[in-house]
Amino acid sequence: MQIILCDSAEEVGRRAADLVEARMRQGPAVLGLATGSSPASTYAELIRRHREEGLSFRDATAFTLDEYAGLPADHPQSYSSTIRREFVDSVDLPLARLHTPRGDAGDLVAEAVRYDAAIVDAGGVDVQLLGLGANGHIGFNEPTSSLRSRTRVKTLSSATRQANARFFEDDGEEVPKLCLTQGLGTIGESRQAVLVALGTTKASAVRAMVEGPVSAFCPGSVLQLHPKAVVVLDPEAAARLTLLEYYREAQALDDELS
Ligand code: F6R
């Protein structure tokens, strides 16, 4: 796991965007996209580079991580709508190559299997962007998710539904109870994972993910088994890490070499 310590949300966005751009410069890329507030500065930076520096997503393909069950794709709070509003509609990624799980599928179990297979058929994800739940989830893999799980239907925890109530007029009851999410095994197959975390509310989960044991109780800790996982943090999210000095030294050396 590589840890990148940043001074601000904007720097988190720049560092994460650097990793996405580096892969895109190598040729057509399959991107894994997260929704929620964590990647906002990353998307803002990628949109800026698209507009001002000619970074093109024309040849890219994208798969989102998860979706609320029961919401049609055009519901304003569906992750399908959200990713378009917050990123895809502002760049030149062809909509035909934006893939999202269908939360309103009649057979959600079959939809999960189809989605997982579609990722494999596309050649797998090159760069997977991730946020981290305050309870340690990645995607919507809640604590005790199987570390080798595939895309499937999951029950959202009440903590996650409360945390996301802000997108549903602060009414936790409006947040769907079920979701479709890429599994931890699915996410683990991405060729690079880039997790961004911001703010004090993530500090305990960051510590458990980076320095705790690999455990289904903190699903993000499965990234310790990933061959190329990068964790990009603002000062508040990094505040509870014990090896901060070591991460700083490693980062300085890495920056010097690149
Ligand atoms: C969203 C997702 C979730 C979020 C996590 C953090 O697609 O997969 O794991 O990344 O819930 O949410 P925010 O970023 O809103 O704090």
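Whatever order the structure lists ligands and atoms in, that order sets their numbers, starting from 1. Keep in mind that what you see is a predicted model, and the values were worked out from it rather than measured.
Atoms of ligand 1 lying under 4.0 Å from any heavy atom of T35, numbered from 1 in the order shown and given with element: 1 (C), 7 (O), 10 (O). Remark: ligand 1 atoms within the under-4.0 Å shell around heavy atoms of G139 are 2 (C), 3 (C), 8 (O), 9 (O). The atoms of ligand 1 that sit less than 4.0 Å from any heavy atom of L65 are 8 (O). Proximity to K202 (heavy-atom distance under 4.0 Å) selects the following atoms of ligand 1: 6 (C), 13 (P), 16 (O). Per-residue contacts place D66 under 4.0 angstrom from the following atoms of ligand 1 (heavy atoms of the residue considered): 1 (C), 2 (C), 7 (O), 8 (O). Below 4.0 Å from some heavy atom of S37 lie the following atoms of ligand 1, by number and element: 13 (P), 14 (O), 15 (O), 16 (O). Close approach of ligand 1 to G131 (heavy-atom distance below 4.0 Å) involves ligand atoms 10 (O).
Both V231 and L5 are part of a single hydrophobic cluster, where members link through side-chain heavy atoms under 4.5 Å apart. By the rule that hydrophobic residues join a cluster once side-chain heavy atoms approach within less than 4.5 Å of another member, V120 and Y115 end up as members of separate clusters.
With respect to atom 11 (O) of ligand 1, the closest heavy atom belonging to the protein is H137 NE2, 2.6 Å.
For the residue pair R84 and T100, no side-chain donor N or O sits within less than 3.5 Å of a side-chain acceptor on the partner. Donor-acceptor pairing under 3.5 Å is recorded for the side chains of S190 and H226.
Residues meeting the salt bridge (Lys or Arg N to Asp or Glu O under 4.0 Å) test with E169, sequence neighbours left out: none.
Proximity annotation for atom 6 (C) of ligand 1: of N141, L132, L198, L156, L132 comes nearest, heavy atoms only. Considering each of S38, G36, A205, the one bringing a non-hydrogen atom nearest atom 14 (O) of ligand 1 is S38.
For E11 and R14, the salt-bridge test fails: no basic side-chain N is under 4.0 Å from an acidic carboxylate O.
Using a 4.5 Å cut-off between side-chain heavy atoms of Ile, Leu, Val, Met, Phe, Trp and Tyr, L71 falls into a hydrophobic cluster with Y68, Y79, F140, L156, F167, F168, V175.
By the criterion of a heavy-atom distance under 4.0 Å, the side chain of R166, and not its backbone, is placed next to ligand 1.
With a 6.0 Å radius and a threshold of 12 heavy atoms from other residues, nucleotides or ligands, R114 has its CZ atom above the threshold.
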